[in-house]
Amino acid sequence: MDKAQILIASNRGPVSFSITDEGSLEHRRGGGGLVSGMISVATEVDGVWVCAALSDADRRAAAESPEARLDLRYDLEGMRVHMLDIPEETLKGAYTEIANSTLWFVQHMLYDTPNKPSFGSGFRRSWEDYTAYNNAFAEALVAGAADNARVAVQDYHLALVPRVLRARRPDLRIAHFSHTPWAPPEYFRMLPDDIARDLLTGMLGADRLGFLSPRWANAFLRCCAEILRADVDLASGTVEYGGRIIRVGVHALGADEAGLRESAAEPLVGVRREMLEELVGDRKLIVRVDRTELSKNIVRGLEAYRELLRSHPEWHGRVTHLAFAYPSRGDVPEYREYTDSVLRVAKEINAEFATADWTPLVLEVNDDYPRSLASFQLADVLLVNPIRDGMNLVAKEGPVLSERDSVLVLSREAGAADELGEDALTVNPYDTVETARALHRALSMPPEERRRRRERLAEAAMALPPRRWFQDQLRSLG
Ligand SMILES: O=P(O)(O)OC[C@H]1O[C@H](O[C@H]2O[C@H](CO)[C@@H](O)[C@H](O)[C@H]2O)[C@H](O)[C@@H](O)[C@@H]1O
Ligand SMILES: O=c1ccn([C@@H]2O[C@H](COP(=O)(O)OP(=O)(O)O)[C@@H](O)[C@H]2O)c(=O)[nH]1
């Protein structure tokens, strides 16, 4: 196999496999925003995308492919995909325990601190898995990179890769991009000191670090100054460490208009759309679409809807809330408990308000991407209220596909608020009364104002398509 000039590395790859009832493998697009952003890049770049096999079906697919190497060139029309068959126990420690149960919680400031976290010996064992997992990625990149190749490492799963890669292959040009927020030093330093330092110095092995918002870049720089005592220039976004200068840049990620329109034109989206139209009738429609994820703040979103129905009885029978919460990270107990809370509040709302001919809330906790796209088309209001979010692509995709000039109610704590804050109705995600008021204002907004806002939102959402986002990063590597 030829060595590549451009390599991407991420935990989740562009496709996820599953096993059909007949026992054969089938694949679909990987879920979540990182894949939504990167997949359109992958169709254009000639290179290699290194990712992990994340399920038994993925592992089987990886093992069945020649030399455990999957060649999906046909499916992606561009990149070859190299899926790493990492031992299940190592993956559990790295992905479930460290990436999802620790780093995600730190960066989104999700801990219920009187009880958690507590970094004991189990955590230390998982840290060894995380290190081994990062080494496995670095190994694959070392083997697959041509001389002076450019490598774009993605996200918190792979924070140690840049340092290992630089030590092994000083010829490479290395970028690391964070898709999450970054916690301020006062929160980040709850991690054990050696591990906080390991993460920061791991990332500083790159030539260039990227974030989705100036807020997250700034917090990272402050961590470097306070925890590593590195020489940091906040204004120019540079860190001097280990005799090198590392540049920290901000690259917001926008919606992929062409890809979205192509997906929305699939016949199945039409089928789902008809189904939703029948369900909703001529009622107003409030939509939300998220992974069943603590940081997406689904429970408070539902509470805000309940508050709307309590404080504005004129909407009874005249509005439906569709909440599509597709499954995510079911191996983490907090996610399972959170899903239960979402289901419980939904049940309470319907018990309080439903009538013989009106179901105020329709909550679905299964994965149906065509249905999500159809709901973007039909929404009158799109609710995106995360506690903290690196970007949030749903907030950008909604206005692009909207056919009813949907009004965006958006948390000010999402990275997307940097670009969409002017034309969305922004809210404090903890304030359910303010969110309910915003929902009422959105439902009552005059058509002309809705149209103006929606057009500007769509324009802002498409201003930084993934292709440009990625090319900017490559260019910044020289
Ligand atoms: O891979 P999973 O564990 O299933 O999680 C899905 C992805 O979640 C996170 O996505 C982030 O990236 C988006 C695109 O930049 C951004 O809009 C969003 O705010 C982030 O939450 C995670 O960072 C990815 O690595 C995951 O693949
Ligand atoms: O059933 C669905 C519904 C939505 N999405 C996509 O998942 C991404 C979610 O990205 P976002 O940045 O909003 O949040 P993340 O889940 O990455 O934290 C968006 O592109 C959605 O269109 C998906 O993969 N499956």
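Counting begins at 1 with the first residue of the sequence. Whatever order the structure lists them in is the order used to number ligands and atoms, beginning at 1. In this text, all values refer to a predicted model and were calculated from it rather than measured experimentally.
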>> Considering Lys296, Arg291, Met391 one by one, which has a heavy atom nearer to atom 14 (O) of ligand 2 than any of the others?
In response: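 Nearest option to atom 14 (O) of ligand 2, by heavy atoms: Lys296.
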>> Nearest non-hydrogen contact with atom 26 (C) of ligand 1 belongs to which option: Met38, Arg291, Gln154, Arg329?
In response: Arg329
Taking distance alone, with N or O pairs closer than 3.5 Å, would you say [X] contacts ligand 1?
{"X": "Ser328", "result": "no"}
{"X": "Thr180", "result": "no"}
{"X": "Gly31", "result": "no"}
{"X": "His179", "result": "yes"}
{"X": "Arg12", "result": "yes"}
{"X": "Asn11", "result": "no"}
{"X": "Gly390", "result": "yes"}
{"X": "Asp155", "result": "yes"}

> Taking the six-membered ring for Trp, are Trp182 and Phe220 ring centroids under 6.0 Å apart?
Replying inline: yes
> So, for Trp104 and Tyr335, is the gap between ring centers shorter than 6.0 Å?
Replying inline: no
[X]: numbered ligand 2 atoms lying under 4.0 Å from its heavy atoms:
{"X": "Ser372", "result": "1 (O), 2 (C), 3 (C)"}
{"X": "Gly31", "result": "24 (O)"}
{"X": "Val394", "result": "13 (O)"}
{"X": "Val289", "result": "3 (C), 4 (C)"}

Tell me the protein heavy atom at minimum distance from [atom], and give that distance in Å.
{"atom": "atom 19 (O) of ligand 1", "value": "Asp389 OD1, 2.5 Å"}
{"atom": "atom 17 (O) of ligand 1", "value": "Asn392 N, 3.0 Å"}
{"atom": "atom 3 (O) of ligand 1", "value": "Tyr95 OH, 2.5 Å"}
{"atom": "atom 27 (O) of ligand 1", "value": "Leu34 CB, 3.8 Å"}

> Does ligand 2 have an atom under 4.0 Å from some heavy atom of Arg29?
Replying inline: yes
>> Distance under 4.0 Å to a non-hydrogen atom of Leu253: what atoms of ligand 1 satisfy this?
In response: 14 (C), 15 (O)
>> Between Arg222 and Glu186 (salt bridge meaning N to carboxylate O under 4.0 Å), is one present in this structure?
In response: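 Yes, Arg222 and Glu186 are salt-bridged.
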>> I need the contact type for Leu373 against ligand 2. Using non-hydrogen atoms and a strict under-4.0 Å cut-off, is it side chain, backbone, both or neither?
In response: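 Answer for Leu373: neither.
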Looking only at distances, can you tell me whether any N or O atom of [X], backbone or side chain, sits closer than 3.5 Å to an N or O atom of ligand 2?
{"X": "Asp389", "answer": "no"}
{"X": "Leu393", "answer": "yes"}
{"X": "Phe376", "answer": "no"}

> Using a heavy-atom cut-off of under 4.0 Å, does the side chain or the backbone of Trp104 touch ligand 1, or both, or neither?
Replying inline: side chain
> Should Asp155 and Arg12 be marked as a salt bridge (charged side-chain N to carboxylate O under 4.0 Å, His left out) after you check the CA-CA gap, both sets of side-chain angles, and the distance that decides it?
Replying inline: CA-CA 10 Å; Asp155 241 350; Arg12 184 172 293 285; over 6 Å; no
